[in-house]
Amino acid sequence: MREIRSYLIRVYRHEAESLAGVVEDVQSSRIAPFQSLAELCEVLTGRRRFARRTVPRRRAAP
């Protein structure tokens, strides 16, 4: 049985023929950029790997 994963998807550009953004794996904080809907699907289905760098977490205000 596969583990359920959570992702945060940030879309930076969405035009008629263009889509770009970043997918973040919530558990590991790794990111994967995408430049098209096809690339986004590759990331979400596991056919494309996440980058080794992680997203720095913001601290909550006291």
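As the structure is a prediction and not an experimental result, all values here were calculated from the model. Count residues from 1 along the sequence.
- By the salt bridge (charged side-chain N to carboxylate O under 4.0 Å, His left out) test, R5 is found to be paired with E3, D25, residues two or more places apart in sequence or in another chain being considered.
- When every heavy atom of V22 is checked against every heavy atom of I31, the shortest pair comes out as CG1-CB, 3.8 Å.
- For S6, the side-chain contact (heavy atoms from CB on, under 4.5 Å) test picks out V26, with sequence neighbours left out.
- Using a 4.5 Å heavy-atom cutoff, the side chains of I9 and L44 are in contact.
- Salt-bridge formation is not detected for the pair E24/R30: no Lys NZ or Arg NE/NH1/NH2 atom is positioned less than 4.0 Å from an Asp or Glu carboxylate oxygen.
- Partners of V43 by side-chain contact (heavy atoms from CB on, under 4.5 Å), not counting sequence neighbours, listed by chain and number: V23, A32, R48, F50.
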